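Structure first, commentary second.
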Amino acid sequence: MNKQLVIAIDGPAGAGKSTTAKEIALRLGYKYIDTGAMYRAVTLLALESGISMDSEEELTKLAEEAEINFAPLRPERNTVYLNGRDVTDEIRSTSVNENVSLVAKIAGVRKALVKKQREMAQSGGVVMDGRDIGTVVLPQADLKIFLTASLETRARRRMNELQRRGENVELEEIKKNLRIRDYMDSAREIAPLRKAEDAIEIDTTGMTVEDVVNKIINLTKEVKNE
Ligand code: CDP
Ligand code: CDP
């Protein structure tokens with residue numbers, strides 16, 4: 001039987017997690033769950049409601065009550081719905097970028113979103129990416145990947161991506177945001193960004209998306225043959 005795997009992909013911002021995870025899910029016919037989009041959606045809701053980023057109780061309530069869904073994956077788009085509204089583009093705004101790590105360090109927010117993430121992965125045949133998937137959300141995953149790349153590479157990738165969308169942001173500005181988020185995500189008390197002991201690390205500096213995807217697809221074949 002063709003076993004439906006659970007694949008966890010973690011790593012810092014701009015390492016190529018979502019691009020790679022999406023492509024792997026498309027090739028294998030799996031679901032793709034972008035957990036960063038879920039933290040971003042709660043952050044957007046908080047900004048829109050004028051809730052302060054240190055109001056733990058209110059943010060936890062938002063996370064618990066938010067309905068976050070992903071439309072079936074298409075090559076060009078992974079549509080994210082927040083309470084029935086398409087927020088795919090809005091969750092990538094600068095204000096969300098600047099506040100998301102503050103929201104993501106709150107215990108109640110993490111608890112609420114991890115619960116939703118585990119439910120989404122229950123049926124198997126899933127690729128999930130984030131910061132704590134291999135360590136906390138899905139410690140029993142069949143395959144765990146930890147993607148990295150140099151800060152310079154990650155910032156350049158992000159800048160190219162923004163340029164493709166018609167936005168011009170200085171490389172230094174992007175580097176600053178990545179550096180701050182890397183620090184906050186790695187230094188936080190709960191579920192910090194960390195490679196799981198049994199994760200396979202891939203440094204994607206100098207690798208194309210195709211290279212990385214092929215490497216991971218080969219690893220899934222090895223796992224299935226075990
Ligand atoms: O796409 P990018 O790598 O810039 O970020 P993302 O994956 O969309 O995640 C946005 C933020 O959400 C991260 O910087 C973390 O603060 C938080 N996050 C998290 O804490 N845990 C996860 N599993 C996923 C994201
Ligand atoms: O999800 P994460 O923040 O880890 O990264 P991403 O959003 O998947 O990738 C950021 C950008 O880098 C995208 O525009 C990708 O096309 C690009 N990328 C790349 O050029 N080479 C790779 N090996 C992986 C991603």
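Every number for a ligand or one of its atoms is a count from 1 in the order of the listing. Fair warning: this is a prediction, and the values are worked out from it, not measured in the lab. When reading the values below, keep in mind they use all heavy atoms of this one structure, side chains included, and skip hydrogens, waters and symmetry mates.
- Residue Arg40 approaches ligand 1 through these ligand atoms, each under 4.0 Å from one of its heavy atoms: 1 (O), 2 (P), 4 (O), 5 (O), 6 (P), 8 (O), 10 (C).
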Quiz prompt | Verdict with reasoning, Arg188 to Asp132, per salt bridge (Lys or Arg N to Asp or Glu O under 4.0 Å) | solution = CA-CA 12 Å; Arg188 72 176 171 226; Asp132 60 341; 5.2 Å; no
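- To the nearest 0.5 Å, atom CD1 of residue Ile7 and atom CG of residue Leu28 are 5.5 Å apart.
- Applying the 4.0 Å criterion to heavy atoms of Asp132 picks out, from ligand 1, the atoms 21 (N), 22 (C), 23 (N).
- Near Asp185, the atoms of ligand 1 lying under 4.0 angstrom from a non-hydrogen atom of the residue are 13 (C), 14 (O), 15 (C), 16 (O).
- In this structure, Leu82 and Arg85 have side chains that are in contact, with non-hydrogen atoms separated by less than 4.5 Å.
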Practice problem: I would like to know whether Arg157 and Thr204 meet side-chain hydrogen bond (donor to acceptor under 3.5 Å, both in side chains); could you show each step before the answer? | Solution: CA-CA 11 Å; Arg157 286 178 183 169; Thr204 71; 3.1 Å; yes
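- Contacts between Arg131 and ligand 1, counted as non-hydrogen atom pairs separated by less than 4.0 Å, involve both the backbone and the side chain.
- Closest to atom 1 (O) of ligand 2 among all protein heavy atoms lies Ser18 OG, 2.6 Å.
- For the salt bridge (Lys or Arg N to Asp or Glu O under 4.0 Å) with Asp142, the qualifying choice from Lys3, Lys221, Lys224 is Lys3, the only one to do so.
- Interface of Met207 with ligand 2, defined as ligand atoms under 4.0 Å from a residue heavy atom, comprises 21 (N), 22 (C), 23 (N).
- With a 4.0 Å heavy-atom cut-off, ligand 1 is reached by no atom of Met128.
- Only backbone heavy atoms of Ala13 (N, CA, C or O) come within less than 4.0 Å of ligand 2; its side chain stays farther off.
- Between Gly11 and ligand 2 there is no heavy-atom distance shorter than 4.0 Å.
- The ligand atoms of ligand 1 that sit less than 4.0 angstrom from a heavy atom of Ser101 are 14 (O), 16 (O).
- In this structure the side chain of Glu90 never reaches within 4.5 angstrom of the side chain of Val96, judged on heavy atoms.
- Note: Leu151 CG to Ile174 CD1 = 10.5 Å, rounded to the nearest 0.5 Å.
- Val80 has its side chain out of reach of Asp34: every pair of non-hydrogen atoms, C-beta onward, lies at least 4.5 Å apart.
- The N/O atoms of Tyr39, backbone and side chain alike, include none that comes under 3.5 Å of an N/O atom in ligand 1.
- Other residues, nucleotides and ligands contribute over 12 non-hydrogen atoms within 6.0 Å of the NZ atom of Lys22.
- Distances from atom 2 (P) of ligand 2 to the heavy atoms of Arg157, Lys17, Arg181, Arg156 put Lys17 nearest.
- Close to ligand 1: Arg110, with a non-hydrogen atom less than 4.0 angstrom away.
- Salt bridge status for Glu161 with Arg92: absent, with no side-chain N to carboxylate O gap under 4.0 Å.
- Residue-level proximity to ligand 1 for Lys105 is absent, since no heavy atom of it falls below 4.0 angstrom.
- In Glu67, the CD atom is not crowded: 12 or fewer heavy atoms of neighbouring residues, nucleotides or ligands sit closer than 6.0 Å.
- Of all protein heavy atoms, the one closest to atom 9 (O) of ligand 2 is Thr19 OG1, 3.4 Å.
- One finds a salt bridge joining Glu152 and Lys175 here, because a Lys/Arg side-chain nitrogen approaches an Asp/Glu carboxylate oxygen to under 4.0 Å.
- The shortest contact between atom 5 (O) of ligand 2 and any protein heavy atom is with Gly16 N, 3.1 Å.
- Looking at Arg165 and Asp89, no side-chain N of the basic residue comes within less than 4.0 Å of a carboxylate O on the acidic one, giving no salt bridge.
- Counted by atom type alone, Arg27 and Thr220 present zero donor-acceptor pairs between their side chains at under 3.5 Å.
- Annotation for ligand 2: atoms under 4.0 Å from non-hydrogen atoms of Val209 are 18 (N), 19 (C), 21 (N), 22 (C), 23 (N), 24 (C), 25 (C).
- Looking at Thr204 next to ligand 2, no N or O pair under 3.5 Å apart turns up.
- Residues Ile68 and Tyr39 fail the side-chain proximity criterion, which asks for heavy atoms closer than 4.5 Å.
- Within the listing of ligand 2, atoms 23 (N) sit less than 4.0 angstrom from a heavy atom of Thr208.
- By the criterion of a heavy-atom distance under 4.0 Å, neither the backbone nor the side chain of Met184 is placed next to ligand 1.
- The closest approach between a heavy atom of Met38 and any atom of ligand 1 is not below 4.0 Å.
- Residue Ala104 approaches ligand 1 through these ligand atoms, each under 4.0 Å from one of its heavy atoms: 16 (O), 17 (C), 20 (O).
- With Pro12, Ala155, Gly14, Gly206 as candidates, the residue nearest to atom 3 (O) of ligand 2 on a non-hydrogen basis is Gly14.
- Ligand-side atoms of ligand 2 in range of Glu161: 7 (O), 10 (C), 11 (C), 13 (C), 14 (O), range being under 4.0 angstrom from any heavy atom.
- Within the 4.0 Å heavy-atom criterion, neither part of Arg154 lies near ligand 1.
- For ligand 2, the atoms sitting less than 4.0 Å from at least one non-hydrogen atom of Arg164 are 14 (O), numbered in the order shown with element in parentheses.
- Distances shorter than 4.0 angstrom do not occur between any heavy atom of Ala149 and any atom of ligand 2.
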